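Order of the sequence lines sets the chain letters (A, B, ...), proteins ahead of strands, with each chain counted from 1. Since this is a predicted model, take the numbers as computed values, not measurements.
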Protein chains: 2
Amino acid sequence: MQELFTYFSKFAPLPMEGKNAIAAISQQVSIPKNKNLQQIGQTCQTIYFLVQGLARIYYLKNEIDITEDFYFENSIIVRAESLFTGRPSRKAIQVLENAELIAIDSQKFFALFNRYPEIERIFRKIIETAYVETINRIEGIQFNSAEERYQALIKTAPDTIKRVPLKYIASFLGITQVSLSRIRANQ
Amino acid sequence: MQELFTYFSKFAPLPMEGKNAIAAISQQVSIPKNKNLQQIGQTCQTIYFLVQGLARIYYLKNEIDITEDFYFENSIIVRAESLFTGRPSRKAIQVLENAELIAIDSQKFFALFNRYPEIERIFRKIIETAYVETINRIEGIQFNSAEERYQALIKTAPDTIKRVPLKYIASFLGITQVSLSRIRANQ
DNA sequence: GTAATTATTTATCATAAGATAAATAAACCG
DNA sequence: CGGTTTATTTATCTTATGATAAATAATTAC
């Protein structure tokens, strides 16, 4: 739990009482490499914090597997389109390395907001940050060539190339696996 | 102000005292068609609510004007990458029709969060909603052809085609103006 | 209302990236 | 360890979209 609170403390202070309240609704989870943490079709009712390992969110489009995003140590993983709408998610969370996570019951977590405004504030700031990242990502996709996007990834998230199979990276970059391979060959 | 509070009430209830506090830090603004409401390089310190008219956020990439997003009546306009980081924005807000807005001082607005948790809650939910829309938009860009993206826009936001000049729509869809024109001709 | 500006379309040519298939290379499993 | 599966690369061919230029249409300003 310590990693989680260290992460939270970057957004706003959280008194001990609030920490205890969160600890009471959280569980440690271990998942082996390549297993899905959440399946497509399940409604997102858990806020995950990745302590150790690597994960991705993906979905299927015409039977093709498309990676929406990657998650590394010390990050929150939620399927926002489901968590914030209450609708079943079209997306799955898959772990790409053996992983240790903290699972927080989202209903109970949201219920804490009334008693602990600090928790609501931290969560708000986490979402604000995620929102900004997503906006920036659109910009990165919009008018960059496949090669520029690959180079940008190497620069901004070199871990991705090192730790993630290329087949998952290609769709994340919005290109085919074959195209990514071609780009890599031209370097 | 009434339009703003009606909009807010969709997210969470807001007592009269909170409304008055917001009214006290807000101003009505009128801007003529095609004028910039905020310039590139300014730090975002205002939360706008569009009462009447139409606006867009745009930025320049290699001297090319790229539309990030469009905003219609009854929506909040902020340059999130600046508002949430405190850094100067690389983006401008331009009004595409004569517009009526409510301008809320963001510093003062955020300061209200401590006294009125309801306001923080409303704002959090607004950002959550915007975040989900942005995630969905990435999905729409990622593996759709230019034509599919154009068709999707006609379907999900027909107002855009009716009210916005095509030159602004093209970059929003991630394609050139010429390409958009070609797509329209093939229908 | 006419000229000047700006937006949109059309045409031509070039190219990045998709589709498909096959060859290697790497990872996994009994 | 050897065989099987899975991932990555390479090759060929096709196509959607970009770049550029020019024509037409619409809007704006005097």
Side-chain angles (χ1 to χ4, degrees), chain A residues 31-36 53-54 56 58 60-67 70 94-98 138-154 158 160-187, chain B residues 31-36 53-54 56 58 60-67 70 94-98 138-154 158 160-187:
Chain A
I31 302 276
K33 180 172 175 170
N34 291 330
K35 269 264 182 304
N36 272 5
L54 171 58
R56 70 177 185 125
Y58 72 92
L60 299 178
K61 174 157 186 174
N62 309 327
E63 277 108 82
I64 308 276
D65 174 317
I66 297 177
T67 298
F70 296 109
Q94 183 191 22
V95 140
L96 300 179
E97 297 175 357
N98 293 336
I138 288 187
E139 209 180 311
I141 296 174
Q142 199 87 318
F143 280 94
N144 288 95
S145 66
E147 177 161 348
E148 287 170 317
R149 280 175 272 163
Y150 175 67
Q151 295 298 349
L153 185 67
I154 289 177
T160 310
I161 308 284
K162 286 184 203 122
R163 294 168 65 182
V164 178
L166 293 170
K167 63 171 175 167
Y168 297 140
I169 295 176
S171 63
F172 172 73
L173 292 174
I175 58 180
T176 60
Q177 216 189 126
V178 172
S179 199
L180 176 57
S181 196
R182 184 159 40 193
I183 287 163
R184 287 160 55 82
N186 292 341
Q187 292 308 301
Chain B
I31 303 275
K33 180 172 175 170
N34 291 330
K35 269 264 182 305
N36 272 4
L54 172 57
R56 69 176 184 125
Y58 72 92
L60 299 178
K61 174 159 184 172
N62 310 328
E63 278 108 81
I64 308 277
D65 173 317
I66 296 176
T67 298
F70 297 110
Q94 182 191 22
V95 140
L96 300 179
E97 297 175 357
N98 294 335
I138 288 187
E139 210 180 312
I141 296 174
Q142 198 87 319
F143 280 95
N144 288 95
S145 66
E147 177 161 348
E148 286 170 317
R149 280 175 272 163
Y150 175 67
Q151 296 298 348
L153 185 67
I154 288 176
T160 310
I161 308 285
K162 285 184 204 122
R163 294 167 66 182
V164 178
L166 293 170
K167 62 171 176 167
Y168 297 140
I169 295 176
S171 64
F172 172 73
L173 292 174
I175 58 180
T176 60
Q177 215 189 127
V178 172
S179 199
L180 176 57
S181 196
R182 184 159 41 193
I183 287 164
R184 287 162 54 83
N186 292 340
Q187 292 308 301

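- Rounded to whole Å, the distance from CG on B:Leu180 to P on D:dA16 is 16 Å.
- Considering only residues two or more places apart in sequence or on other chains, B:Gln94 meets the side-chain hydrogen bond (donor to acceptor under 3.5 Å, both in side chains) condition with B:Arg56.
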Quiz item: Which letters describe nucleotides 20-30 of chain C, given B = protein heavy atom under 4.0 Å from base, S = only from sugar-phosphate, - = neither?
Solution: B-------S--
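- Rounded to the nearest 0.5 Å, atoms CD1 (B:Ile154) and CD1 (B:Ile161) are 5.0 Å apart.
- In this structure, CD1 of B:Ile66 is placed 14 Å from C1' of D:dG18, rounded to the nearest angstrom.
- The minimum heavy-atom distance linking B:Asn98 with B:Lys33 is given by the pair OD1-N, 2.7 Å.
- Atom pair A:Asn186:CG and D:dT9:P shows a separation of 12 Å (rounding to whole Å applied).
- In terms of heavy-atom proximity, B:Leu180 sits nearest to B:Leu166 at CD2-O, 3.7 Å.
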Distances for protein N or O near nucleotides 14-17 of chain C N or O, under 3.5 Å:
{"from": "C:dA17", "atom 1": "OP1", "to": "A:Ala146", "atom 2": "N", "distance (Å)": "2.6"}

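- Mapping A:Ser181 and A:Phe143 onto DNA chain D by nearest heavy atom places A:Ser181 closer to the 5' end of the strand.
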Self-check item: B:Val95 and B:Asn34: CA distance, side-chain angles, deciding distance, side chain to side chain contact (heavy atoms under 4.5 Å, CB included) verdict
Solution: CA-CA 5 Å; B:Val95 140; B:Asn34 291 330; over 6 Å; no
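- Judged purely by distance below 3.5 Å, without hydrogens or angles, the side chains of A:Asn144 and A:Tyr150 never pair a donor atom with an acceptor atom.
- Pairing each heavy atom of B:Ser145 with each of B:Glu148, the nearest pair is N-OE1, 2.7 Å.
- Residues B:Val164 and B:Ile169 share a closest heavy-atom pair of O-CD1, 3.5 Å.
- We find that OH of B:Tyr150 is positioned 18 Å from P of D:dA16, with the value rounded to whole Å.
- Between A:Phe172 and A:Tyr58 the shortest side-chain heavy-atom distance does not fall below 4.5 Å.
- The distance from atom CD of B:Gln177 to atom C1' of C:dT9 is 9 Å, rounded to the nearest whole Å.
- Taking atom CZ of B:Arg184 as the reference point, atom C1' of D:dT17 lies 17 Å away to the nearest angstrom.
- Separating the CD1 atom of A:Ile141 from the C1' atom of D:dT17 is a distance of 18 Å, rounded to the nearest angstrom.
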